[in-house]
Structure formats: C-alpha cells, structure tokens
Amino acid sequence: MPNQKRRREDRIISKCLFPAAGYGTRFLPATKATPKEMLPILTKPLIQYGIEEALEAGIHTMAIVTGRGKRAIEDHFDISYELENQIHGTAKEHLLDDIVSLRQACTFSYTRQKEMKGLGHAILTGETLIGDEPFAVVLADDLCTHSEDGVLSQMLSIYQKYQCSIIAIEEVPPAQTSRYGIIAGEPLAGEEGLYRVDDMVEKPDPQDAPSTMAIIGRYILTPDIFDILRETPPGRGGEIQITDALLTQAKAGNVLALKFKGRRFDCGCVDGFVEATNYFYQHTTPSTKEGL
Ligand code: UTP
C-alpha cells in the first residue's frame with residue numbers, strides 16, 4: 001500500500017512533551033521565582049534528568065510547556081556565551097559537558113500555558129508543538145532511575161507492538177491512593193506487568209480506589225487525545241484532568257498500563273525530593289562526587 005496514508009497511530013514517536021507550567025506550591029517560597037523543574041538533585045535540575053531519559057529512548061525533539069516565571073528553563077538549554085567562554089580551558093569546563101551534549105543532540109521548542117488549568121490543559125496547550133502524531137509525555141517532577149532501559153524506553157517498546165496510549169504505573173500503599181490517578185485493568189496474557197485499562201479514577205480516597213495501581217508521570221499518547229481534551233470538562237479540583245481524557249480512550253480499549261522496571265521518586269513533594277537527593281548522592285561514583 002505505498003500510496004496509502006499510514007494510520008496516524010502507526011508513526012514512530014519523535015517528540016516528547018514536558019508540561020512544566022505548574023506553580024509548584026509545595027515548594028514555596030523556593031518556587032516563587034524559580035521553576036520547580038529547575039530545582040536540582042545534586043547538580044542537575046529535575047527537567048534535565050527528564051530530557052536525558054527521553055534522549056535515551058531515542059527522542060530528540062523536546063517540546064516544553066512553560067508559563068510565567070519559567071524562563072530559566074529556556075536559558076538552561078540555551079548557549080551561555082559568557083559563562084562558557086569564562087570556564088573554557090579551565091578545570092571546571094567538564095561540568096558543562098552533559099548539558100552541552102544535550103543541547104547538541106536535541107531541539108527544544110516552547111509554548112506558554114497562560115492559565116494553569118491543570119495537567120490535561122497543559123497537554124492540550126502543547127498540541128501546537130506536537131501536531132497530529134503520537135508523542136511521549138514526561139512530568140519532570142517524577143524522577144525515574146533504572147538499571148537497564150529507562151521507563152520511556154520500556155514504554156516505547158510496548159507502543160511499537162500495540163500502537164495505543166500507554167501509561168506507566170506503580171503499586172502504592174492503600175493510604176496514598178488519594179495522591180494519584182488510580183487504574184483498574186486486566187493483565188494481558190503473556191506480557192509481564194502489562195494491563196488493559198478499563199477504569200481510572202483521579203485521586204480517590206482509599207475506600208473508593210479501584211486498585212492500588214497508581215499512574216506516574218510518564219505517558220505515550222495517541223493524537224486523538226487532543227480532541228478528547230478539548231471536550232473534557234474541568235474535573236477534580238476544577239482542573240482539566242488528563243485522567244478523565246484517558247478514561248475516554250480506555251473505554252474504547254485503547255489504553256495499556258505498564259508496571260515499569262525501576263524506581264520513581266516523587267520530587268514534587270519535599271519528602272520525595274530529599275529521598276531522591278540522598279539516593280543520587282549515595283549512588284554517585286566517588287570521582288563524580290569530587291566534582292560536586
Ligand atoms: P502538579 O500538580 O504535581 O504540579 O502537576 P504543580 O501544580 O506545579 O505543583 P503543586 O501541587 O502546586 O506543588 C504535575 C505536572 O503538571 C504540570 C506541572 O508543572 C507538573 O510538571 N502542570 C500542572 C502544568 O504544566 N500546568 C498546570 O496547569 C498544572
């Protein structure tokens with residue numbers, strides 16, 4: 001079928017969207033003038049870890065949804081002539097190696113969410129950067145580590161096989177269901193840790209939760225999500241919830257949930273942020289520590 005247009009879901013994933021417009025109120029006053037996504041775990045800002053994970057998955061086009069007071073994100077991924085010139089040829093030059101390599105390997109585009117109407121609304125705001133193709137979404141405040149493939153890589157392998165929306169999930173203690181979107185689903189035969197989602201509820205109280213399988217900040221979304229989001233009314237907290245839009249896809253059998261291999265830190269709250277900092281400090285090699 002050489003001249004027949006491929007189904008739009010069949011295309012490879014070449015773009016990753018980073019909703020980064022939220023106010024980060026749990027980190028006030030630190031986030032009053034500094035984006036939450038720029039808070040560092042050791043010497044690297046949270047969003048850089050997310051970009052590295054996307055790049056590791058073979059994605060080179062980064063689309064970032066920012067908002068007022070978030071310009072530091074754009075500056076971080078841009079050239080800093082004065083600084084780079086200043087440390088060129090000194091013992092500190094290597095400290096910029098990672099960010100320079102990222103800048104060379106990726107393209108970055110930005111759009112602003114003018115009113116913070118929730119994650120679903122932020123993703124819809126990103127449509128102008130994504131267009132009519134399937135795409136990945138990374139919430140940088142969920143920091144993921146792994147021993148082999150990154151979480152996004154694991155999800156891309158599933159997408160290539162099933163060509164539908166994929167969400168990453170993990171088991172949480174029953175008392176914590178009210179912090180997450182919680183799914184109900186049937187395990188897929190022969191696929192370890194993969195579920196066909198049939199229901200999801202945003203932040204349910206433990207007694208109302210359909211399971212303890214919580215959605216974390218990694219998604220592969222098919223582009224029909226944009227039309228669904230346009231029709232999705234504000235849900236819990238008066239915000240447009242991505243969970244509500246995903247439920248529409250799930251009811252049509254088009255959402256899979258993957259219990260990923262690896263560990264996630266909730267860096268959107270102080271406890272998780274400190275835990276991640278300690279973990280990364282302990283797992284940093286002595287030679288890298290010297291450079292801290
Ligand atoms: P969170 O609810 O965890 O982030 O949103 P927040 O609102 O920034 O933080 P708190 O609760 O006030 O402390 C999850 C992700 O969605 C983005 C956030 O930037 C974060 O990456 N987000 C959320 C948006 O981009 N726009 C929004 O309107 C809401």
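Ligands are counted one by one from 1 in listed order, and the atoms in each one are counted from 1 as well.
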Report task. Tell me whether the centres of the aromatic rings in Phe280 and Tyr49 are closer together than 6.0 Å. Result -> yes
Requested in this report: For the pair Phe265 and Tyr279, name the ring-plane relationship: parallel under 30°, tilted 30 to 60°, perpendicular over 60°.
Outcome: tilted
Please tabulate, line by line, the atom pairs linking an N/O of ligand 1 to a protein N/O at a distance below 3.5 Å, with the distance in Å to 0.1, or answer 'none'.
{"from": "ligand 1", "atom 1": "3 (O)", "to": "Arg26", "atom 2": "NH2", "distance (Å)": "3.1"}
{"from": "ligand 1", "atom 1": "4 (O)", "to": "Lys36", "atom 2": "NZ", "distance (Å)": "3.0"}
{"from": "ligand 1", "atom 1": "8 (O)", "to": "Tyr23", "atom 2": "N", "distance (Å)": "3.3"}
{"from": "ligand 1", "atom 1": "8 (O)", "to": "Gly24", "atom 2": "N", "distance (Å)": "2.9"}
{"from": "ligand 1", "atom 1": "8 (O)", "to": "Lys36", "atom 2": "NZ", "distance (Å)": "3.3"}
{"from": "ligand 1", "atom 1": "9 (O)", "to": "Lys36", "atom 2": "NZ", "distance (Å)": "3.3"}
{"from": "ligand 1", "atom 1": "11 (O)", "to": "Arg26", "atom 2": "NE", "distance (Å)": "3.2"}
{"from": "ligand 1", "atom 1": "11 (O)", "to": "Arg26", "atom 2": "NH2", "distance (Å)": "3.2"}
{"from": "ligand 1", "atom 1": "12 (O)", "to": "Thr25", "atom 2": "N", "distance (Å)": "2.8"}
{"from": "ligand 1", "atom 1": "12 (O)", "to": "Thr25", "atom 2": "OG1", "distance (Å)": "2.5"}
{"from": "ligand 1", "atom 1": "13 (O)", "to": "Thr25", "atom 2": "N", "distance (Å)": "3.1"}
{"from": "ligand 1", "atom 1": "13 (O)", "to": "Arg26", "atom 2": "N", "distance (Å)": "2.9"}
{"from": "ligand 1", "atom 1": "13 (O)", "to": "Arg26", "atom 2": "NE", "distance (Å)": "2.9"}
{"from": "ligand 1", "atom 1": "19 (O)", "to": "Ala21", "atom 2": "N", "distance (Å)": "3.4"}
{"from": "ligand 1", "atom 1": "19 (O)", "to": "Gly22", "atom 2": "N", "distance (Å)": "2.9"}
{"from": "ligand 1", "atom 1": "19 (O)", "to": "Glu37", "atom 2": "OE2", "distance (Å)": "3.1"}
{"from": "ligand 1", "atom 1": "21 (O)", "to": "Pro19", "atom 2": "O", "distance (Å)": "3.0"}
{"from": "ligand 1", "atom 1": "25 (O)", "to": "Ala21", "atom 2": "N", "distance (Å)": "2.9"}
{"from": "ligand 1", "atom 1": "26 (N)", "to": "Gln113", "atom 2": "OE1", "distance (Å)": "2.7"}
{"from": "ligand 1", "atom 1": "28 (O)", "to": "Gln113", "atom 2": "OE1", "distance (Å)": "3.4"}
{"from": "ligand 1", "atom 1": "28 (O)", "to": "Gln113", "atom 2": "NE2", "distance (Å)": "3.2"}
{"from": "ligand 1", "atom 1": "28 (O)", "to": "Lys117", "atom 2": "N", "distance (Å)": "3.4"}
{"from": "ligand 1", "atom 1": "28 (O)", "to": "Gly118", "atom 2": "N", "distance (Å)": "2.9"}
{"from": "ligand 1", "atom 1": "28 (O)", "to": "Gly118", "atom 2": "O", "distance (Å)": "3.4"}

Query raised in the report: Is any NZ, NE, NH1 or NH2 atom of the basic residue among Lys203 and Glu239 found under 4.0 Å from an Asp or Glu carboxylate oxygen of the other?
Result: no
Query raised in the report: Would you call Arg264-Glu170 a salt bridge at under 4.0 Å N-O?
Result: yes
Query raised in the report: Between the main-chain N or O of Ile130 and the side-chain N or O of Lys15, is there a donor-acceptor pair closer than 3.5 Å?
Result: yes
Query raised in the report: How about Phe226 and Phe135: are their ring centroids closer than 6.0 Å?
Result: yes
